[in-house]
Amino acid sequence: MASAGNTLHDRPFRRTLIGLLMLLLSTTAYAQQPQQTWQQVWQETMTPEDDDDETASEEHYQLLQDLADHPLDLNRATRDELEQLPFLSQQQVMDFIEYRNHYGPLRSMGELRMVPSMDYQQILLLPYFTYAGEVADTAYFPKLKTIAQYGRHELTASVRLPFYERKGDRNGYLGYRYPHWMRYEFSYGNYVRFGLSGSQDAGEPFLSRGNPWGYDAYTYYFQLQRLGRLENLIVGKYKLSRGMGLVLGSSFSLGKLAVLQNMGRSSGSLRPHASRSAADYYQGIAATVSLSRKLHLTAFASYRPLDATLNNDGTVATLLYNGYHRTPKEMEKKDNTHQSDAGADITFRHQGLHIGATAVYTHLDRPLSPNTKTLYRRYQATGSNFLNASLHYGYLHHRLAFNGETAIDNNGAVATIQSLSYQSGGTWSLMAIQRFYSYRYNSLHGYAFSEGGHTQNESGLYLGGTWKPLARLQFNGYADFAYFPWARYRVSQSSSAQDYLAEAIYTPLRHWTLKGRYRLHLRQLDNPSKTALRRHNEHRARITLSYAGDEWSSALQADGVRAANNTIEHGWMVSETVGWRHAWWQLTLMAAYFNTDSYDSRIYAYERQLPHQFAFPMYYGRGERLSLVARAHIGQALQIDAKLGTTHYHDRSTIGSGLQEINSSTMTDLALQARWRF
């Protein structure tokens with residue numbers, strides 16, 4: 001890191017020059033995005049179009065929403081805190097810290113453009129998750145009186161009103177059809193945080209039939225940070241990840257395009273589980289302690305219930321994480337298995353070098369016993385006791401970064417992943433990710449970069465890059481090659497996959513952005529008789545023209561799909577989103593028409609949601625989608641959000657199947673949410 005000692009004499013001049021530059025930059029296309037939410041910016045710059053892992057996508061958005069609700073003060077944030085932002089690379093974090101150490105605290109967010117490695121995506125996203133605050137006179141932990149007096153309270157309540165009945169609402173579900181949730185949180189800066197929430201899915205009983213305590217699911221946590229050597233302490237429900245995710249991962253996944261932005265760096269986060277998801281959390285206590293400036297220890301213990309499908313002998317056939325308890329059969333599976341976890345990670349950091357060791361022990365009170373006679377389940381995890389350990393490591397030198405992790409399970413199976421990246425001063429970057437996950441390797445908490453969605457039975461090579469030949473033009477792209485040595489779901493022998501993507505982003509005028517994207521995904525699947533493999537080729541293209549002004553915003557988008565399996569199928573969709581904000585309220589209207597041959601040619605499209613709610617809708621068949629989102633700020637404390645959405649199909653008289661079936665070609669919902677801060 002550069003020393004500022006020999007540049008003290010020219011700081012006033014440079015600060016004045018930077019201030020003038022910031023004044024000029026405030027009129028450029030990146031200076032204001034008042035009409036857009038972070039979700040819109042993220043979708044436009046980071047998100048893949050066809051993420052069909054709904055659990056991972058929900059965690060993806062819930063984590064980002066949590067970061068947006070608790071933005072970091074850039075003038076006080078540590079390196080570890082900055083690395084919680086999943087779209088920053090190691091180089092960008094280090095460049096920012098060096099800039100801050102050299103020139104002092106930031107006076108405005110516009111100064112981020114002076115950090116050499118910051119590019120288009122980061123400049124747009126950072127204002128939603130960070131701010132440039134005043135530097136405090138002291139870094140000591142605040143007094144309890146100060147916390148109680150100046151802490152922020154937040155109470156949120158939400159309900160969704162469907163204007164239709166599903167088959168299960170009439171006969172089959174235990175509860176009513178109106179999902180709702182409530183959440184209370186208290187926080188004081190980045191020092192203290194406490195939260196309690198309860199949630200109810202449609203069809204689940206409330207204060208009855210297995211839920212005598214009201215809501216079907218509760219979340220609670222207490223967090224303490226920056227108390228001397230105690231960097232972070234959480235009691236309650238929390239999330240934890242270390243290294244590259246082979247042992248302690250998270251279902252939060254950036255996807256193959258967005259991973260170009262953090263350049264494949266390793267992750268290490270300990271944060272409250274604030275979402276309503278039933279997957280991927282621990283329950284108990286976890287803490288990170290600073291043993292010295294360079295050595296940090298994280299230890300945790302957890303005991304939590306799980307839903308499971310049981311075999312006749314009482315063993316576990318399948319662990320379930322969808323959190324649904326709508327029918328007597330689903331209610332029987334609720335909390336019928338318990339999981340205990342204990343583990344630790346110790347990490348050494350010195351300048352650009354970091355190396356750490358992680359170990360996790362897991363015990364289930366019912367042994368896992370999946371049907372291993374099914375070929376693709378042959379090497380799934382079995383038994384009651386599991387032990388995983390790994391070494392994670394990395395080195396950053398100037399603009400070259402290397403990260404990796406190598407792990408082993410209690411049966412001696414190995415998994416390893418390495419990333420190597422080079423980031424120039426802002427013009428171009430290159431990255432490669434190599435991974436090998438043995439088909440015998442099992443980790444109940446592993447979730448790393450992959451094509452198949454599992455940290456098992458895969459080896460591959462990912463190559464990606466970005467190029468910015470002009471100030472207003474940027475190209476992104478990647479090629480990913482994967483090989484699966486053992487059988488997979490719908491694939492009864494060894495197989496392979498290839499994935500290619502190219503994207504161009506052009507900002508010709510202030511407020512205007514033109515983006516084009518093309519993706520080719522080649523996979524192998526069983527033929528109908530399961531005697532050979534056949535190619536499943538999928539072409540996806542998208543072009544978007546967007547405008548983001550001071551009051552108005554607009555995005556015109558066209559999507560196209562060509563899927564070749566047994567037959568060649570096509571799909572297309574055209575959508576328009578218009579937003580308007582004035583004074584204390586704002587409106588967003590979205591209209592879309594879609595026409596696809598079948599589910600194989602389905603289309604995914606972003607649609608604005610209410611805060612803390614997730615949806616990345618998928619459309620197939622022929623029909624229209626309309627939605628209207630309204631927000632009103634009543635005074636400084638109260639925010640009211642509402643969303644009315646309707647989908648009409650021209651090719652069917654019923655929607656859904658089983659207990660989810662709707663006896664209509666149209667489905668309409670109204671969602672309401674109120675947030676009170678005091």
Side-chain angles (χ1 to χ4, degrees), residues 34-44 47 54 57-58 60-62 64-66 68-69 128 154-166 176-183 197 199-203 275-277 546 548 551-555 557 573 575-594 604-619 623-634 638-649 655-656 660 662 664 666-677:
Q35 266 298 108
Q36 292 182 297
T37 63
W38 71 259
Q39 293 95 332
Q40 289 172 294
V41 177
W42 182 270
Q43 187 272 338
E44 290 176 4
T47 306
E54 187 171 340
S57 298
E58 182 170 4
H60 175 138
Y61 274 81
Q62 291 289 0
L64 289 167
Q65 182 64 57
D66 189 53
D69 288 341
Y128 295 94
E154 182 177 298
L155 182 63
T156 306
S158 182
V159 63
R160 182 164 58 86
L161 308 174
F163 297 105
Y164 51 82
E165 272 193 335
R166 292 187 169 95
Y176 46 77
R177 55 195 173 109
Y178 308 108
H180 56 93
W181 59 270
M182 293 187 68
R183 176 184 177 185
S197 64
S199 61
Q200 199 80 13
D201 289 316
S275 78
R276 302 183 302 278
S277 170
S546 60
E551 289 191 349
W552 287 94
S553 70
S554 175
Q557 183 168 291
M573 179 175 180
S575 63
E576 170 73 23
T577 302
V578 178
W580 182 54
R581 186 177 75 170
H582 180 72
W584 52 273
W585 65 287
Q586 56 184 283
L587 293 173
T588 302
L589 174 66
M590 191 278 285
Y593 178 82
F594 54 93
Y604 295 81
Y606 169 77
E607 182 178 313
R608 183 172 176 179
Q609 306 297 323
L610 302 188
H612 300 285
Q613 296 189 13
F614 162 81
F616 203 78
M618 171 190 67
Y619 302 97
E624 299 95 22
R625 172 66 179 173
L626 293 171
S627 71
L628 176 65
V629 181
R631 170 174 295 177
H633 293 275
I634 303 174
L638 184 61
Q639 175 181 307
I640 304 294
D641 292 90
K643 178 180 179 180
L644 180 66
T646 183
T647 305
H648 176 72
Y649 293 92
I655 303 172
Q660 291 287 92
I662 302 169
S664 173
T666 302
M667 56 185 298
T668 303
D669 297 85
L670 174 64
L672 301 171
Q673 187 176 122
R675 182 167 64 178
W676 181 33
R677 291 178 173 175

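Each residue takes its place number in the sequence, starting with 1. For clarity, every value in this text was computed on a predicted model and none was experimentally measured.
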Task: Residues which pass side-chain hydrogen bond (donor to acceptor under 3.5 Å, both in side chains) with Glu165, listed by chain and number, not counting sequence neighbours - done: none
Task: All side-chain hydrogen bond (donor to acceptor under 3.5 Å, both in side chains) counterparts of Tyr176, not counting sequence neighbours - done: His180
- [ ] With sequence neighbours excluded, tell me which residues meet side chain to side chain contact (heavy atoms under 4.5 Å, CB included) with Phe163.
- [x] Leu644, Thr668, Leu670
For residues 626-633, please give each side-chain donor-acceptor pair under 3.5 Å, one per line with the distance, not counting sequence neighbours.
unit_1 : atom_1 : unit_2 : atom_2 : d
Arg631 : NE     : Asp641 : OD2    : 2.6
Arg631 : NH2    : Asp641 : OD2    : 3.2

Open item on the list: Walk me through whether Arg608 and Lys643 qualify under side chain to side chain contact (heavy atoms under 4.5 Å, CB included).
Closed with: CA-CA 9 Å; Arg608 183 172 176 179; Lys643 178 180 179 180; 6.0 Å; no
Task: Side-chain heavy atoms of Pro162 within contact of Tyr178, under 4.5 Å - done: yes
- [ ] With sequence neighbours left out, write down each residue that passes ring-ring contact (aromatic ring centres under 6.0 Å, His included) with Trp584, or none if nothing qualifies.
- [x] none
Open item on the list: How long is the straight-line distance from NE2 of His582 back to CG of Leu587, given to the nearest 0.5 Å?
Closed with: 11.5 Å
Task: From CG (Leu589) to OG1 (Thr577), nearest 0.5 Å - done: 8.0 Å
Open item on the list: With a 4.5 Å cut-off on side-chain heavy atoms, are Trp181 and Thr156 touching?
Closed with: yes
TODO: Evaluate the criterion side chain to side chain contact (heavy atoms under 4.5 Å, CB included) for residue pair His612 and Asp69; output intermediate values, then yes/no.
DONE: CA-CA 10 Å; His612 300 285; Asp69 288 341; 2.7 Å; yes
Open item on the list: I need the minimum non-hydrogen distance between Ser553 and Ala548, along with the two atoms involved.
Closed with: CB-CA, 4.2 Å
Task: Test ring-ring contact (aromatic ring centres under 6.0 Å, His included) applied to Tyr593 - qualifying residues, sequence neighbours left out - done: Trp572
Open item on the list: Ser554: which residues meet the side-chain hydrogen bond (donor to acceptor under 3.5 Å, both in side chains) condition with it, sequence neighbours left out?
Closed with: Glu576
Task: Set of residues satisfying salt bridge (Lys or Arg N to Asp or Glu O under 4.0 Å) with respect to Glu154, sequence neighbours excluded - done: Arg152, Arg677
TODO: Quick one: pull up CD1 in Ile634 and CD1 in Ile640 and give me the separation to the nearest 0.5 Å.
DONE: 5.0 Å
- [ ] For Phe594, check ring-ring contact (aromatic ring centres under 6.0 Å, His included) against everything at least two apart and list the hits.
- [x] Tyr619, Tyr649
Task: Residues forming a side-chain hydrogen bond (donor to acceptor under 3.5 Å, both in side chains) with Arg166, sequence neighbours excluded - done: none
TODO: Taking Arg177 for its side chain and Tyr164 for its backbone only, find out whether a donor-acceptor pair lies under 3.5 Å.
DONE: yes
Open item on the list: Evaluate Val578 against Trp552 for side chain to side chain contact (heavy atoms under 4.5 Å, CB included), listing each step before the verdict.
Closed with: CA-CA 7 Å; Val578 178; Trp552 287 94; 3.8 Å; yes
- [ ] Of all the heavy-atom pairs spanning Gln673 and Pro611, show the shortest one and how long it is.
- [x] NE2-O, 2.9 Å
Task: salt bridge (Lys or Arg N to Asp or Glu O under 4.0 Å) partners for Arg625, two or more places apart - done: Glu607
Task: Heavy-atom closest pair, residues Ile655 and Ser664 - done: CG1-O, 3.2 Å
- [ ] Look up atom CD in Gln639 and atom CZ in Arg675, then write down how far apart they are to the nearest 0.5 Å.
- [x] 4.5 Å
- [ ] Return the minimal non-hydrogen interatomic distance between Ala202 and Pro179, and the atom names on each side.
- [x] N-CB, 3.6 Å
